[in-house]
Amino acid sequence: MQTIIEPFRIKSVEPLRHTSREERERILHDAGFNLFLIPARDILIDLLTDSGTSAMSTEQWAAMMRGDESYAGGESFFRLQRVVQDLTGFRHVIPTHQGRAAEHILFTVLCRPGHVVPNNTHFDTTRANIEFMGARAVDLPLPEAADTQLYLDFKGNMDVAALEELIQREGATNIPLVMVTVTNNSGGGQPVSLDNLAAVKAVTARHGIPLYLDACRFAENAWFIRLRDPKCAHLSPKQIAQRMFALADGCTFSAKKDAFANIGGLLCTNDDRLATLETNLLILTEGFPTYGGLAGRDLEAIAVGLEEILDPDYLQYRIASTGYLGRHIADAGVPIVEPPGGHAIYIDCARMLPHIPRERFPAQALAVELYRHAGIRSVEIGSVMFGKSARHELLRLAIPRRVYTQSHIDYVVESILEVNQKRDQIRGFEITEEPPYLRHFSARFRPLSPVPT
Ligand SMILES: *Cc1c(COP(=O)(O)O)cnc(C)c1O
């Protein structure tokens, strides 16, 4: 049997609204050609992000009714704590309202001006929170990973030799922690191997530096390890995830990713002294340590989601359906970041639209065209988002968990291939208005006239 069916059926539905091409022209114009500024009701298929957009299960909704809304010592917290400790082994489990709140607390407690924090690739909120403390965020991806077309099993790995060098250069006392992001989100959703984590751990342990996982997509990473590391083929996703966490001294986590929750985060550590400092700060900024900025019902949704996400049927479907989108467009000639990652497909727009120079934002141009043509929302990850430090001009198609069916994905494939047919006619953009930072959220654009051929 070839077809991998969605391992769920649908009990509650949300209508999608079609718009006409003329409507979409007007909507684009009103939004200054920035897809972040388009109301969600005007989007047919929304692939902006996989964060907080999951469909919750009947078990999650049922558990939410059980939410204990006590201010202190609510039962929902203890239920979540049991699930997280069983999965991660970490002694201290601190709930937060999002992943970035966990990051903010961790870096406030650990980082000082002049410090350096290495990561395989920092996610943007991680980098911003480190820089906010006056510390420096350094990316240490594999050098080969810069080639979007190269196939590597574990393209998200950290460059261990570069880590060793960095520690020699900066001094271990200036490095308060090392982080590894699984899967490597900004690096294309590519997995990190268990061997790489063990090698990083050997280096950090030798220098007495704690190792933290940015664990947002731990389950997708565990599934890739199961598929690609023969030593792990006989293990369950949960056993692999447990081995990943066992190599770390703590983690940050966004429950909006691999916990199927619409909100929530976690900060975990084995360090008692650190945990005290963290919970003191938590009380100031998030709430009492048994709810941390969330409602009791949110804690329940996360606890159930963390168990559901490790279901092999789900993970097989998840990774296969992302790969399905990637293979179908790549095999028809659309250049993507290879191999397909876990949560998203990235189109390499510098390759697809070579007639649009970087300063004219090729990935923004493709995002606009895909919306104009088919009502699909995607996101530019390139020179609009990162300015001159952008390494690639990518269009990300992130896939919300358990939300879209194969026919939705087939529609996305068809639409991209139709746009690809007339790619020569796609025009670049210039920015007409931009805020001082994080400009991609609110900048406005003007389409440029066709480049003369
Ligand atoms: C989403 C994400 C975060 C931040 O989590 P939020 O819940 O959005 O604050 C941190 N790291 C990675 C890798 C992420 O994908």
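Remember, it's 1-based here, ligands and their atoms both numbered in the order they're listed. Remember, it's a predicted structure, so these values are computed and weren't measured experimentally. Numbers here are sequence positions counted from 1. Atom set for the values below is all heavy atoms of this structure, side chains included, hydrogens, waters and symmetry mates excluded.
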Next item on the list: Could you please spell out the steps behind the side chain to side chain contact (heavy atoms under 4.5 Å, CB included) verdict for Val337 and His392?
Entry: CA-CA 10 Å; Val337 175; His392 297 290; over 6 Å; no

Check: What atoms of ligand 1 come within less than 4.0 Å of a heavy atom belonging to Lys256?
Finding: 7 (O)

Notebook entry, point to check: Quick one: nearest non-hydrogen protein atom to atom 11 (N) of ligand 1, plus distance?
Noted result: Asp214 OD2, 2.7 Å

Next item on the list: Using a strict cut-off of 4.0 Å, indicate which atoms of ligand 1 neighbour a heavy atom of Thr181.
Entry: 13 (C)

Item checked: Nearest-option assignment for atom 9 (O) of ligand 1, heavy atoms, candidates His97, His122, Arg100, His343 -> Arg100

Check: Should the ring pair Tyr404 and His408 be called parallel, tilted or perpendicular, given that the plane angle runs from 0 to 90° and is split at 30 and 60?
Finding: perpendicular

Check: Do any N/O atoms on Gln98 end up under 3.5 angstrom from N/O atoms on ligand 1?
Finding: yes

Checklist line | Any N or O of Thr125 closer than 3.5 Å to N or O of ligand 1 | finding: no

Listed pairs under 3.5 Å, donor-acceptor, residues 302-309 side chains, sequence neighbours left out:
| from | atom 1 | to | atom 2 | distance (Å) |
| --- | --- | --- | --- | --- |
| Glu308 | OE1 | Ser57 | OG | 3.0 |
| Glu308 | OE1 | Arg402 | NH1 | 3.0 |
| Glu308 | OE1 | Arg402 | NH2 | 3.4 |
| Glu308 | OE2 | Ser57 | OG | 2.6 |

Next item on the list: Classify the angle between the aromatic ring planes of Phe33 and Phe429 as parallel (below 30°), tilted (30 to 60°) or perpendicular (above 60°).
Entry: tilted

Margin query: If we only consider heavy atoms of Cys216, is any one of them less than 4.0 Å away from an atom in ligand 1?
Written below: yes

Notebook entry, point to check: Looking at atom 7 (O) of ligand 1, what's its closest protein heavy atom, distance included?
Noted result: Ser254 OG, 2.7 Å

Item checked: Proximal ligand 1 atoms for Lys257, defined as those under 4.0 Å from one of its heavy atoms -> 1 (C), 2 (C), 3 (C), 5 (O), 14 (C), 15 (O)

Check: Could you go step by step and tell me if Tyr291 and Phe77 meet the ring-ring contact (aromatic ring centres under 6.0 Å, His included) rule?
Finding: CA-CA 7 Å; Tyr291 73 85; Phe77 170 73; 10.0 Å; no

Notebook entry, point to check: Are any of the N or O atoms of Arg217 closer than 3.5 Å to those of ligand 1?
Noted result: yes

Notebook entry, point to check: Can you tell me the protein heavy atom closest to atom 10 (C) of ligand 1 and the distance?
Noted result: Glu103 OE2, 3.1 Å

Notebook entry, point to check: Is the distance between the ring centroids of Phe245 and Phe218 under 6.0 Å?
Noted result: yes

Notebook entry, point to check: Can you tell which of Trp223, Phe8, Tyr324 makes a ring pair (Phe, Tyr, Trp, His ring centres under 6.0 Å) with Tyr317?
Noted result: Phe8

Next item on the list: Would you confirm whether the ring centroid of Phe441 sits within less than 6.0 angstrom of the ring centroid of Phe36?
Entry: yes

